[in-house]
Amino acid sequence: MGGMYSIEKMSRVFSYQSSDIDWCEDNYQHSENVVEFFNTMSSFFFFIVSPLMLYLLHPYAKERNLAVHMVWVMMIFVGIFSAYFHMTLSFVGQMLDELSILWVIAVGYALWFPRKLFPSFIKDRRYTFCFSKLVMILTVVTTLVSFVKPTANAYALNCFGLHFLYTLAIEMRSCTDRRALRLAKLSVGLWVLAISCWISDRFGCSFWQKLNFCYLHSLWHIFIVMAVAYATTLIAYLDANYEIPYSLPGLQYWPCDKWPVGVPHIVLKGTTKTHKRC
Ligand SMILES: CCCCCCCC/C=C\CCCCCCCC(=O)N[C@@H](CO)[C@H](O)/C=C/CCCCCCCCCCCCC
Ligand SMILES: [Ca+2]
Ligand SMILES: [Zn+2]
């Protein structure tokens, strides 16, 4: 009897709308199996951008470390879990969505956090591995803590965005490379657009419902993927200048460098040992 009760309780976490969160988009408007249709569909944007980023970052990853591909491989899973969450609004969907974001951020920090900003006790090159280990231990602990108050997770995750902006500001202070500075401004601009949509959807829903425009969370999906694409290229570029300067890293835009819009990527122009400014 007790066993039956706990199985029933367990399966409830998979059921539709078992999550505490419900985004502004009206539920079941376009299908009886999909709770938030546009939020689900816009999650597929992750699938378009992730393979493109894996392709564009490949020359840098080959020279530096193939492990950097983990970030965009994991972003595919973020897309899958995000689509599942908005399709069902289930508790399991919410946790998968949030925890996959947490792990992408953790891998990003373990791979790219600038050594000069390491805590003083692990600043030495020999202990770089310790930093990654520390990040992973903290992430395992945070994963367990995230079950205590699931509604707070999304806000906690957004704080990483703020910490990332702070780290970027310190990094860019000493940078004179015009292309890198422009990319930093574009990344921050996209992040500001994204976070404004997320906050507005969360807290201004009644206003947007009056205007009959409840798609801000879908726009958040699109802007945040673009912000992450721009920001990861910038971080990878700064990292390449620091760790593999002999490869003469440069920044270009895909598909055509001369177009006013495009996806940024790194080109490696050389193999001789020279230094750059960032
Ligand atoms: C030196 C450090 C390098 C760090 C690299 C970071 C790499 C990748 C980071 C983030 C992945 C973000 C993925 C967003 C997925 C959105 C899915 C979603 O919509 N989930 C919502 C529910 O559907 C949920 O409420 C969202 C929660 C908040 C997520 C906050 C993500 C913070 C992202 C920080 C990105 C920084 C980019 C800033 C550019 C200047
Ligand atoms: Ca909704
Ligand atoms: Zn979402």
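Ligands are counted one by one from 1 in listed order, and the atoms in each one are counted from 1 as well. Model, not experiment: these values are computed from the prediction.
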N/O of [X] under 3.5 Å from N/O of ligand 1, yes or no?
X	result
W23	no
W220	yes
T167	no
Y109	no
H221	yes
H217	yes

Does the [X] side chain pair with the main chain of [Y], one donor and one acceptor, at a distance under 3.5 Å?
X	Y	result
E36	W23	yes
S50	F47	no
S200	C197	no

**OP:** For the Ca ion (ligand 2), find the closest N/O/S atom belonging to E36 and write down its atom name.
**Re:** OE2
Subject >> Pair D257 + R179, salt bridge at N-O below 4.0 Å >> reply: yes
Original post:
Which N, O or S atom name in H217 marks its closest approach to the Zn ion (ligand 3)?
Top reply: NE2
Which of the numbered atoms in ligand 1 are under 4.0 angstrom from any heavy atom belonging to [X]?
X	result
W198	24 (C), 25 (O), 26 (C)
V104	8 (C)
G161	34 (C)

Original post:
Is there a heavy atom in F160 that sits closer than 4.0 Å to ligand 1?
Top reply: no
Original post:
Mind checking whether Q94 has a heavy atom under 4.0 Å from ligand 1?
Top reply: no
Taking [atom] as the point of reference, which of [options] owns the nearest heavy atom?
atom	options	result
atom 1 (C) of ligand 1	F164, Y230, W72	F164
atom 23 (O) of ligand 1	E98, M75, H86, R202	H86
atom 5 (C) of ligand 1	S19, S42, G108	G108
atom 32 (C) of ligand 1	L168, L157, L238, T232	L157

**OP:** Taking the Ca ion (ligand 2) as the vertex, measure the angle between atom O in E25 and atom OD1 in D22; round to 10°.
**Re:** 170°
Original post:
Under 2.5 Å between the SG atoms of C205 and C24: is that the case?
Top reply: yes
Original post:
Parallel, tilted or perpendicular: which fits the ring planes of H58 and H69, with parallel below 30° and perpendicular above 60°?
Top reply: parallel
Is it true that some N/O/S atom of [X], main chain or side chain, lies under 3.0 Å from the Ca ion (ligand 2)?
X	answer
W23	yes
N27	yes
D26	no

**OP:** For the residue pair T40 and H86, confirm or rule out a side-chain donor-acceptor distance under 3.5 Å.
**Re:** no
**OP:** Check whether the side chains of Y28 and N33 place a donor and an acceptor atom closer than 3.5 Å, and report yes or no.
**Re:** no
Does [X] approach ligand 1 within less than 4.0 angstrom via side chain, backbone, both or neither, non-hydrogen atoms only?
X	value
V225	neither
L165	side chain
F85	side chain
F223	neither
A231	side chain
D97	side chain

Original post:
Checking R182 against Y253: charged group under 6.0 Å from the ring centre and within 45 degrees of the axis?
Top reply: yes
Do the two ring centres, one from [X] and one from [Y], sit under 6.0 Å apart?
X	Y	result
Y109	H163	yes
F38	H217	no
F213	Y215	yes

Subject >> Audit row: T151, D20, side chain to side chain donor-acceptor pair (under 3.5 Å) steps and yes/no >> reply: CA-CA 7 Å; T151 39; D20 284 336; 5.1 Å; no
Subject >> side-chain contact (heavy atoms from CB on, under 4.5 Å) partner of V71, chosen from L54, V107, I105, L57 >> reply: V107
**OP:** Distance to 0.1 Å, residue and atom name: give those for the protein heavy atom nearest to atom 35 (C) of ligand 1.
**Re:** V228 CG2, 4.1 Å
Original post:
Which residue holds the protein heavy atom closest to atom 30 (C) of ligand 1, what is that atom called, and what is the gap in Å?
Top reply: N158 OD1, 3.4 Å
Original post:
Looking at atom 28 (C) of ligand 1, would you say a protein heavy atom lies below 4.0 Å from it?
Top reply: yes
**OP:** Give a rough value, rounded to 10 degrees, for the angle at the Zn ion (ligand 3) between atoms NE2 of H86 and NE2 of H221.
**Re:** 100°
Pairs of donor and acceptor atoms involving the side chains of residues 91-102, under 3.5 Å and at least two apart or interchain, shall be tabulated with distances.
residue, atom, partner, partner atom, Å
Q94, OE1, S19, OG, 2.8
Q94, NE2, E98, OE2, 3.4
Q94, NE2, P150, O, 3.3
E98, OE1, N153, ND2, 3.1
S100, OG, L96, O, 2.9
S100, OG, D97, O, 2.9

